[in-house]
Amino acid sequence: MISIIVCSINANLFNRFSESLAKTIGVDYEVIRIENHIEKLSIAKAYNKGASQAIYDLLVFVHEDVVFHTENWGKNLLEHFKSLENPGIIGIAGNSYHPLFPSDWWVPSASFRHFNFISNKKGGKPEEGILMSSQDRLPQKVFCTDGVFMAVYSNVFSTFLFDESLMGFHGYDTSISLRVSKDYVNYFVPDILIEHFSSGNYTNEFWKNTVIANLVFFEFYRRISVAELCFKIEFYSLKKNIVNLFRYKLRLKLFFKIIKLVFKQLFS
């Protein structure tokens, strides 16, 4: 029923993940492990390769440094795809407002953030993490989803694929989420709880790929009016982009392209 696709570099993490998966998923499944300590692909290429090998229609892309805490979560996931309207990607974290200036799913206003997972440190022990939750009881429509867990049907995925021009291991989730949101509705769901053993990191690669992913978004997304803007988020996003322009030495040409597209979006 479900093809689980994992980009793997650590045998111990993968074994713990596999054991947790077997105990909790509750439906028939296969695991497609891309052994990236050997192949050394970008995560976009690794995931696309894994998806091409899948025998089931429902694809789940998930990190190997997680364990599952929800019994029969696979049944929950299948039910969501049946009951939700026009589903694209379903995840465990996302944003219901996406700013004009480049951003991932984490926006500064809590009312637009939807997430439910246990955050643990690298090397931490299971069940010793901290629950991070927006306290949503029902699925929420979102734009971006976090790449730690992304579920999508193969017929939808095959239209978009992960963007292999994005090098490394960042921005792939923002890119495909925003592109899928053109034709489908992405959702956050609160009833699949995972524990993630990573705090994440912001790097030059992360920000550059996030910017590129968002520039693609402008090609697809509808125009919005000034009245629809959340100025708190837009101001924060503009400030973050300016800071990161200098922190990560992004090209001024790229930054001014962002500014041009924002104004075109608003006033054309």
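All values reported here derive from a predicted model rather than from experimental measurement.
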Is there a path from [X] to [Y] through hydrophobic residues (I, L, V, M, F, W, Y) whose side chains come within less than 4.5 Å of each other?
X: Val185; Y: Ile192; answer: yes
X: Ile5; Y: Val156; answer: yes
X: Val67; Y: Met132; answer: no
X: Phe115; Y: Ile118; answer: no
X: Ile4; Y: Ile90; answer: yes

Polar contact flag, side-chain donor to acceptor under 3.5 angstrom, [X]-[Y]:
X: His170; Y: Asp104; result: no
X: Ser8; Y: Arg33; result: yes
X: Thr174; Y: Thr210; result: no
X: Asn10; Y: Glu64; result: no
X: Ser133; Y: Asn116; result: yes
X: Trp105; Y: Asp146; result: yes
X: His98; Y: Asn214; result: yes

Are side-chain heavy atoms of Glu195 and Phe117 found at a separation under 4.5 Å?
-> no

Mind checking whether Asp191 and His80 have side chains closer than 4.5 Å, heavy atoms only?
-> yes

Could you check whether the rings of [X] and [Y] sit parallel, tilted or perpendicular, using 30° and 60° as the cut-offs?
X: Phe68; Y: Phe149; value: perpendicular
X: Phe61; Y: Tyr47; value: tilted
X: Tyr97; Y: Phe112; value: tilted

Is it true that Lys121 and Glu128 have a side-chain N and a carboxylate O under 4.0 angstrom from each other?
-> no

Using a strict cut-off of less than 4.0 Å between a Lys/Arg side-chain nitrogen and an Asp/Glu carboxylate oxygen, indicate whether Glu79 and Lys75 qualify as a salt bridge.
-> no

Assess whether side chain to side chain donor-acceptor pair (under 3.5 Å) is satisfied between His114 and Ser96, documenting all intermediate values.
-> CA-CA 8 Å; His114 309 282; Ser96 54; 2.8 Å; yes

Start with the C-alpha distance between Ile92 and Val148, add both sets of side-chain angles, then the distance that settles side chain to side chain contact (heavy atoms under 4.5 Å, CB included), and finish with yes or no.
-> CA-CA 8 Å; Ile92 54 89; Val148 68; 3.5 Å; yes

For residues 24-31, which side-chain N or O atoms pair as donor and acceptor with protein atoms under 3.5 Å away, sequence neighbours left out?
from, atom 1, to, atom 2, distance (Å)
Thr24, OG1, Ser20, O, 2.8
Thr24, OG1, Trp73, NE1, 3.1
Glu30, OE2, Ser3, OG, 2.5
Glu30, OE2, Ile55, N, 2.7

So which heavy atom on Ser103 is nearest to which on Val107, and how close?
-> OG-CG1, 4.1 Å

Residues Ser177 and Phe143: closest non-hydrogen pair is CB-O, 3.4 Å

Taking the six-membered ring for Trp, are Phe162 and Phe157 ring centroids under 6.0 Å apart?
-> yes

Could you tell me whether a side-chain N or O of Asn36 sits under 3.5 Å from a main-chain N or O of Leu41, the two making a donor and an acceptor?
-> yes

Mind running side chain to side chain contact (heavy atoms under 4.5 Å, CB included) on Lys122 and Asp65 for me, showing each step along the way?
-> CA-CA 8 Å; Lys122 184 177 180 180; Asp65 58 347; over 6 Å; no

Decide yes or no on side chain to side chain contact (heavy atoms under 4.5 Å, CB included) for Arg113 and Trp106, but give the supporting numbers first.
-> CA-CA 7 Å; Arg113 291 195 303 260; Trp106 185 269; 3.5 Å; yes

